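Proteins get letters first, then strands, A, B, ... in listed order; numbering begins at 1 in each. Predicted model, so just to flag it, every value in this text is computed and none were measured.
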There are 4 protein chains.
Amino acid sequence: MNKTKSNILMAAIEVVSKKGYHPATMDEIAKEANVAKGTLYYYFESKESIFNDMIDSGISMIREEILEKIKVTEDSMQQLRIITRAILTLVFERRNLFKIIISQLWGEDIRQIELRKKMNEVMDFIEAYIINCVEDGYFEAANTRLKAFNYFGAMMTTAVYYLNLEEPIDHASETMIEEILSQL
Amino acid sequence: MNKTKSNILMAAIEVVSKKGYHPATMDEIAKEANVAKGTLYYYFESKESIFNDMIDSGISMIREEILEKIKVTEDSMQQLRIITRAILTLVFERRNLFKIIISQLWGEDIRQIELRKKMNEVMDFIEAYIINCVEDGYFEAANTRLKAFNYFGAMMTTAVYYLNLEEPIDHASETMIEEILSQL
Amino acid sequence: MNKTKSNILMAAIEVVSKKGYHPATMDEIAKEANVAKGTLYYYFESKESIFNDMIDSGISMIREEILEKIKVTEDSMQQLRIITRAILTLVFERRNLFKIIISQLWGEDIRQIELRKKMNEVMDFIEAYIINCVEDGYFEAANTRLKAFNYFGAMMTTAVYYLNLEEPIDHASETMIEEILSQL
Amino acid sequence: MNKTKSNILMAAIEVVSKKGYHPATMDEIAKEANVAKGTLYYYFESKESIFNDMIDSGISMIREEILEKIKVTEDSMQQLRIITRAILTLVFERRNLFKIIISQLWGEDIRQIELRKKMNEVMDFIEAYIINCVEDGYFEAANTRLKAFNYFGAMMTTAVYYLNLEEPIDHASETMIEEILSQL
DNA sequence: AATGAATGAGATTTCATTCAT
DNA sequence: TATGAATGAAATCTCATTCAT
């Protein structure tokens, strides 16, 4: 991607994660990106489209990262462990982006409805691996969709917990991973 | 509380849950409440204060509801079970308010920081019961704060899952309760 | 109509006739009307809707004025003479509004296409009276639509001519009327 | 003229006639001309100067075309007939340019005031031929300036009428010419 | 000769808030 | 107690123009 464009995107993540979508102004994003306001509109159609690009690049980053890392094993439980570690690491490393995603999951704006659709696809992706684990006998057969939700929710709340600690850790500890998987 | 005032509060919950805090305008809230815009300012100082009242009355409602219901038993595990059922029921019955709470937990607006403080108090409240359970030997001793977080997160994700089903259930099933408690 | 609203409409005619639709800013209209910019939006949805109201009230004014005046006679030629006098008088009295109408007849903006539709209805109206004259033997049968166009065009160019004179006259002279009718 | 430059001028006529002066953007003109936006500024000082060049080349084209064609006769009435045919033909062939001229005659922008001056020169030119006709006894002596206005106005309205027909004709018919001249 | 990324002044529009009634 | 006309600060967005290449 063009350097200025990705620069703007990073600035937007920074500002939006701090302020939320609406209070984050184009002026602030421009200032943070060290470009003129007009430049934002040279690269993006609207504030909404900056938001969408932000989310899309975030989600595809997760997917690519995970797909790359699970190649090393064929064992379904091992794969789920790898996915967990990968997502937790990403949540820590790109906490601002995740804050935005979580806070925008609610509400009936097109922006928010679209985001929910995208997150449902992420759920599909995770559920597929949980199904593999069930088929391989690691978990007992059950509502795998709900399990995927709980898995994701557990990751989020764990992350939120650690993110709020005074001395935030910046990596996914093995303890956290086991804690989350034990809930499945 | 004055009837007009609670009327406005209900209208605000309706509109804010649908649109989010910022896109919900005072005009819309007034229209939904069937009062003139000026009336909002007769009863509330500002939009922000409507929001705060909304949250405060929601949270104290939870607390009162729970304190009332757990009276029937002294057994800590029974009490946690009752709390779970109560919260789940409230989440279903007042889903709009909870949507607002969850979506406003993030970000650095005064409004949002204040909300997080209030939710931390709710966590204290829940943690206290989890500690009782640990002391009574129901769970093994561990990070009870994280347990409280996970417990609350599990409830939220479970609720979100069921709220998104085609045929939403409108009560807390015993299955859900056991599912959540088993994760502790 | 509300006083403030008609006040804004008059200010808009003043400014738009001087500057044209696009260069006329909402700031200037507000200043001319002695109200705050927000007030414009309290009474009108948009700049476009101010324009539309401006045109609509102008056109219905023409129609009402004419319908009122032609009541006095049943003779078709007399009626056409009355219409001519009425339109010319209006063009002189409300020259600013007519300037706007003429300048906005061209182009493919929705605003302009709508205006052309409205002016076509005015043409229908005029043509009807020309047809009466033809039927009564005042003119020889011919393309009455073209006659209506020419009639209107003649009125406009005559008006433009007199409006550009150093010492503008402010009424429709009988000479002008006969000049225009002689062209039919 | 340089090919790229005349290319830009044609593109500008196309876009401005469709949209009007202000809504026509330099971006659109550049796109229509298949050049980069910077190229517009390589050949023209500003948007305003593109407009002026557009008009000037249009007007001098009329003048040259007419001066060329009236050479064939010395009879003043014949010359006026030739002028009428020439202008009507041009109006049909370059209708977009004429649309722009007519729509920009109104208003007090420098651009528009300049255009009116130029059109007044065209009127001088036409009036001169009408005076010749009067002197040769073809019309009775009268306000020749007004006659020139009416003559031009008649041509415009006739043109507008035929341009709006379902099946537009693309040439000046002899009927139209006689119709216009008979009004003098 | 030609480009297109970058700009910033200025446009339209929104909306929480005020205040006279 | 309740109203709603009026406000103005601040938001998003547009676009003619510049300039380094």
> Round to the nearest Å and state the distance from B/Phe44 atom CZ to F/dT1 atom C1'.
15 Å

> Relative to the 5' end of DNA chain F, which residue comes earlier, D/Tyr21 or D/Gly38, by the nucleotide with the nearest heavy atom?
D/Tyr21

> Starting from C1' on F/dC15, measure out to NE2 on C/His22 and report it in whole angstrom.
13 Å

> Tell me the interatomic distance from D/Phe51, atom CZ, to F/dA16, atom C1', rounded to whole angstroms.
16 Å

> Measure from NZ on C/Lys47 to P on E/dT13 and round the result to the nearest Å.
8 Å

> What integer distance in Å separates B/Asp27:CG from E/dT13:C1'?
14 Å

> Under 4.0 angstrom, heavy atoms only, what part of the nucleic acid is C/Ala33 near: base, sugar-phosphate, or nothing?
nothing

> To the nearest Å, give me how far apart CZ (D/Arg111) and C1' (F/dA16) are.
13 Å

> Look at the side chain of D/Tyr41 and decide which nucleotide, out of E/dT3, F/dA6, F/dA16, has an atom nearest to it.
F/dA16

> Should the pair D/Glu14-D/Lys18 be classified as a salt bridge under the 4.0 Å nitrogen-to-oxygen rule?
yes

> Could you work out which one of E/dT3, F/dT3, E/dA16 sits closest to the side chain of B/Val35?
F/dT3

> Tell me if a side-chain donor or acceptor on C/Thr39 pairs with a main-chain N or O of C/Val35 at a distance below 3.5 Å.
no

> The side chain of C/Thr4 is closest to which nucleotide in this list: F/dG4, F/dT12, F/dA6?
F/dA6

> Can you identify which nucleotide, out of E/dA6, E/dA16, E/dA11, has its nearest atom closest to the A/Tyr43 side chain?
E/dA6

> What nucleotide, of E/dA2, F/dA16, F/dT3, holds the atom closest to the side chain of B/Tyr42?
F/dT3

> Heavy atoms under 4.0 Å, any strand shown: does A/Ala30 hit a base, just sugar-phosphate, or nothing?
nothing

> Tell me, yes or no, whether the heavy-atom count around D/Lys118 atom NZ, taken from other residues, nucleotides or ligands under 6.0 Å, exceeds 12.
yes

> Mind calculating the distance between CD (D/Glu28) and C1' (E/dG4) to the nearest angstrom?
17 Å

> From the options E/dA16, F/dC13, E/dT7, select the nucleotide whose nearest atom is closest to the side chain of B/Met26.
E/dA16

> Just checking A/Glu48: does its CD atom have more than 12 heavy atoms from other residues, nucleotides or ligands closer to it than 6.0 angstrom?
yes

> Select base, sugar-phosphate, or nothing to describe what B/Thr39 touches, counting heavy atoms under 4.0 Å on all strands.
base

> Could you please name the partner base of E/dA20, counting Watson-Crick and G-U wobble pairs only when both distances are under 3.5 Å?
F/dT3

> Between C/Ala24 and B/Glu45, which residue's closest nucleotide on DNA chain E lies nearer the 5′ terminus?
C/Ala24

> Between D/Leu40 (CG) and E/dA2 (C1'), how many Å, whole number?
11 Å

> Where the side chain of D/Ser46 is defined as all heavy atoms beyond and including C-beta, which of F/dT17, E/dC15, E/dT3 is the nearest nucleotide?
F/dT17

> Does atom CE of D/Met10 have more than 12 heavy-atom neighbours, drawn from other residues, nucleotides or ligands, at distances under 6.0 Å?
no

> Check this for me: does the side-chain of D/Lys37 come within 3.5 Å of the base of F/dT17 through a donor and an acceptor?
yes

> Quick check: on DNA chain F, is the nucleotide nearest B/Ala36 upstream (toward 5') of the one nearest C/Ala36, or the reverse? Name the residue that is more 5'.
B/Ala36

> Of A/Glu114, A/Gln112, A/Arg116, which meets side-chain hydrogen bond (donor to acceptor under 3.5 Å, both in side chains) against A/Gln104?
A/Gln112

